[in-house]
Amino acid sequence: MRKEELEQHRQVSLRLFDIVCSEYEDDLSIDLQTLHDNIKKNKFLLAIMGEVKAGKSTFINALLGEEVLPSDIRQATSAIVEIFKADKKFIKAIYANGKEEEMEDDLDTPDIDEAVEYLKKIASVQEEYRNLPIVQLNNFIIDKLENNGPNVLITNDEIDEFIENTELENLKKLPKEEFERQVKEYIKIHKDGSKIAKVVEVGYPHGFEFDQFRLVDTPGIGAVGGIEEQTRSFVNKADGVIYLHNGSAESRPLENAYKNELTDKIKKNMYLILTHRSKHILEDIEIKTEEISEIYPKIKKEQIFSVDSLTELYLKKIKGKSMDEIEGLMDNDSHAEDLFAKAARKSKGNLADFIDYLEEQSNFRSAKKSIVEFSENALSIQLTNFVEEIKKHFIELQDATSEKIKACKNKFKDPQGFAKKIHQIREEMKKYELDLNRFIEEIGDEFNVNVNGSKSQTKLEEIFNKFETEINEKSHADFKHIDNIKTYTEKIANDFLDTYEFFIKDMTNEINTKISEFNVEQEEKIKLNIPKIVMSKIWQKSKKDSTETKQKEVDQKGAWGFCKRVFTFGICGKETKNYTEVNKEKLWENIRSQILNLIFKERKNISDSINIFIDSATKKYKKEIKKKMEDRKSFLENLKNEKKSNEEFQKKIDSLNKQLCDFNENINKCNELLGELSC
């Protein structure tokens, strides 16, 4: 479809939105509001997200065909980086105090890319602040500046209150006093917002057809200091997602994102990219792709790809070079040597075969072709989602208006019967409200962890007691080697997380079933924090604490390994040497106690999270139901009290019929638009 036609459709859809907005006021769905914001700004946001070390920046660089983003940042800030179409490459940063800066690459210094260096500076955490939860601190400062103006003074009392009432991530487990001292120092240095990049945009002459198509580099899933939450909150504003994953099909971060974070709208427009292809066997990749396709059926199979982004970038570097030049590159570049090794061995010096092998290893052409085609249809996809949401709202308005017309006709035809009907509805609503309160109490009694004998309390106790018993029944003698302890504890941690997640899923399904009795659509998803049991840290600390220094007697040896002939009969002398050894019994006790402490701690955290969720969810549903009941009741009561002549009453019915016709007409316009967009 031509750009001019799409622009016409965009304008029509925005007018339809204005009509819906005037009827709904503040009750529009979040999905519709988000779509409107992006379409109004003429942006299609394709977010690149994925686990830490999945290679997001390298993938984006390979997609663009040039190293636009720095890929060697040790720790990113909260910066969400948007890449948009421009005539030349430049970086634009808007700081929290409103200051704007732009940086272009100076062509007179070919060895230095000033734009990339500037981006690296503003998008990475400085060395002295790596212990701090930068995102949480930056957001505190940004909120203060936005609410109170750029000249606001952040007082010591406000900082103290923020520290006391916010669950700040103490990344390096610093002593409380030292951690708070560093937090206060950071806030005082950055409180004017002049060093906090709030918006980062990269202008680049990318080759995507749709000019408003924007690639967005988000901080990694699993990143600390509030960075992961920053990604999650942004992704819901996006129109589509490319999720980068380096691991098995049973990926916990991917599974959690798919189940709890990504909306169905996003899943329809989602690419799943398996990275680091060169490190895996081709047969394993094919099996993994099939497994993932079965586990995540809403992701289109044709939008799952395995790629090696770094190989693709090196293919650009060696374009036009001879085999001798490529071998010279391998001698001086360890990355090139690793990536090219198999290709060099199999091609046996044949340049064409070497390139073919690398292209197969990269597998980037097929992925890029699909993404380019997707970008060409981006506006059409975005508008389709937008119009579908508008249509849903018009249908709701249509249903509500039809009910009002029916009520008006009943009063018009039989005023006395209508009055009786009002009384009947009042009684029904009283009963409905009693039933609703009973339902809320039942949910609490059944699932609140603090209620003795509730399902949640019983099940959680069962989960925790099971793991506590199993761990306590083990002794160091059950493990032949210390590596067996490591394997076992990793299994215990994974089993605990799997059991807990299954419990959450089961509980959510039960609550959903109960809520469906009241015909309320559950929009809010359960978002409980999955415990983070990092076994590598527990293992390292326990092993260190369990390592003992011992002594043993050994033969005295000379420089060449022969006995020193210190006795007349040529017998080797003895000497005492120190050596270290891990005490297996002590190691098991250290690990056992740490895991049990974590489980006891999570028992309370999980219980509190469940109770908060149940309380907020039931309040939300009660509020929604009561609002619908009150709206209906208010309309009928007003209708009952109206003293109108037959002529006036007919005018009211005619007015409602006119509204109904308008809604029907707008639904038809939506259908026409959807039909044209699907062509």
Side-chain angles (χ1 to χ4, degrees), residues 48 53-73 83 85-91 104-120 202-208 215 217 242 244 246 273-282 285 305-373 375:
I48 318 292
K53 301 298 183 187
K56 293 189 310 306
S57 297
T58 307
F59 174 82
I60 294 173
N61 288 336
L63 194 60
L64 296 174
E66 182 185 342
E67 294 188 35
V68 178
L69 301 182
S71 56
D72 56 349
I73 292 178
I83 304 166
K85 195 165 188 175
D87 294 331
K88 58 184 177 181
K89 181 168 67 174
F90 70 95
I91 312 296
E104 297 180 15
D105 182 21
D106 186 351
L107 299 179
D108 293 333
T109 55
D111 296 335
I112 302 173
D113 190 326
E114 285 81 3
V116 172
E117 290 302 314
Y118 176 66
L119 181 58
K120 188 185 297 186
V202 178
Y204 184 76
H206 64 61
F208 297 108
L215 295 171
D217 183 21
I242 296 178
L244 270 62
N246 178 27
I273 305 293
L274 310 180
T275 58
H276 304 303
R277 178 182 172 91
S278 64
K279 296 180 180 179
H280 301 285
I281 299 169
L282 185 59
I285 292 170
F305 292 95
S306 165
V307 305
D308 196 283
S309 308
L310 197 56
T311 300
E312 179 65 14
L313 285 172
Y314 271 91
L315 272 166
K316 302 285 184 186
K317 287 184 179 182
I318 64 174
K319 187 176 181 180
K321 293 185 182 295
S322 66
M323 279 305 296
D324 288 341
E325 289 173 316
I326 292 170
E327 287 173 5
L329 177 63
M330 291 173 67
D331 291 339
N332 296 301
D333 186 331
S334 59
H335 291 303
E337 185 178 13
D338 291 340
L339 289 169
F340 295 169
K342 287 182 183 177
R345 189 170 61 252
K346 291 199 171 189
S347 63
K348 298 178 181 178
N350 184 296
L351 180 59
D353 291 346
F354 178 78
I355 297 297
D356 286 345
Y357 186 89
L358 286 182
E359 286 181 346
E360 193 282 328
Q361 179 175 290
S362 161
N363 196 40
F364 217 89
R365 282 187 180 179
S366 53
K368 184 170 182 178
K369 180 183 176 185
S370 178
I371 294 169
V372 168
E373 289 173 355
S375 76

Work out which heavy atom in Asp308 is nearest to a heavy atom in Ser278; give both atom names and the distance.
OD2-OG, 2.7 Å
Give me the ring orientation class for Phe340 and Phe354: parallel if the planes are under 30° apart, tilted from 30 to 60°, perpendicular past 60°.
perpendicular
Heavy-atom side-chain proximity of Thr58 to Leu313 below 4.5 angstrom:
yes
Are the side chain of Asn363 and the backbone of Ser306 linked by a donor-acceptor contact shorter than 3.5 Å?
yes
Give me each pair satisfying salt bridge (charged side-chain N to carboxylate O under 4.0 Å, His left out) with a member in residues 314-332, each pair once, sequence neighbours excluded.
Glu67-Lys317
Is Arg365 close to Lys369 at the side-chain level, that is, under 4.5 Å between some pair of heavy atoms?
no
Just to verify, which of Val116, Leu64, Ile83 counts as forming a side chain to side chain contact (heavy atoms under 4.5 Å, CB included) with Leu69?
Ile83
His206 ring center near Tyr204 ring center (under 6.0 Å)
no
Nearest heavy atoms of Gly349 and Met323, plus distance in Å
O-CG, 3.5 Å
Could you state the interatomic distance from CG (Asp356) to CG (Asn350), rounded to the nearest 0.5 Å?
8.5 Å
Quick test of your reading: applying salt bridge (charged side-chain N to carboxylate O under 4.0 Å, His left out), list the pairs with at least one residue in residues 333-353, sequence neighbours left out, ordered by first then second residue.
none
What's the spacing between Ile318 CD1 and Ile326 CD1 if we round to 0.5 Å?
4.0 Å
Does the side chain of Val68 come within less than 4.5 Å of Leu119's, by heavy atoms?
no
Which value, rounded to the nearest 0.5 Å, describes the distance between Ser309 atom OG and Ile273 atom CD1?
8.5 Å
Go through the steps for Asp217 and Val202 under the test side chain to side chain contact (heavy atoms under 4.5 Å, CB included), then give the verdict.
CA-CA 10 Å; Asp217 183 21; Val202 178; over 6 Å; no
Non-neighbouring partners of Ile112 that pass side chain to side chain contact (heavy atoms under 4.5 Å, CB included), sequence neighbours left out
Thr109, Glu114, Glu117
Is the closest side-chain heavy-atom distance between Phe59 and Phe364 below 4.5 Å?
yes
Salt bridge check, Lys368 against Glu312: does any charged N sit closer than 4.0 Å to a carboxylate O?
no
At what distance, to the nearest 0.5 angstrom, does CG of Leu215 lie from NZ of Lys56?
13.5 Å
Heavy-atom donor-acceptor pair, Arg277 side chain to Phe305 backbone, under 3.5 Å
no
Working to the nearest 0.5 angstrom, can you tell me the gap between Leu339 CG and Ser362 OG?
10.0 Å
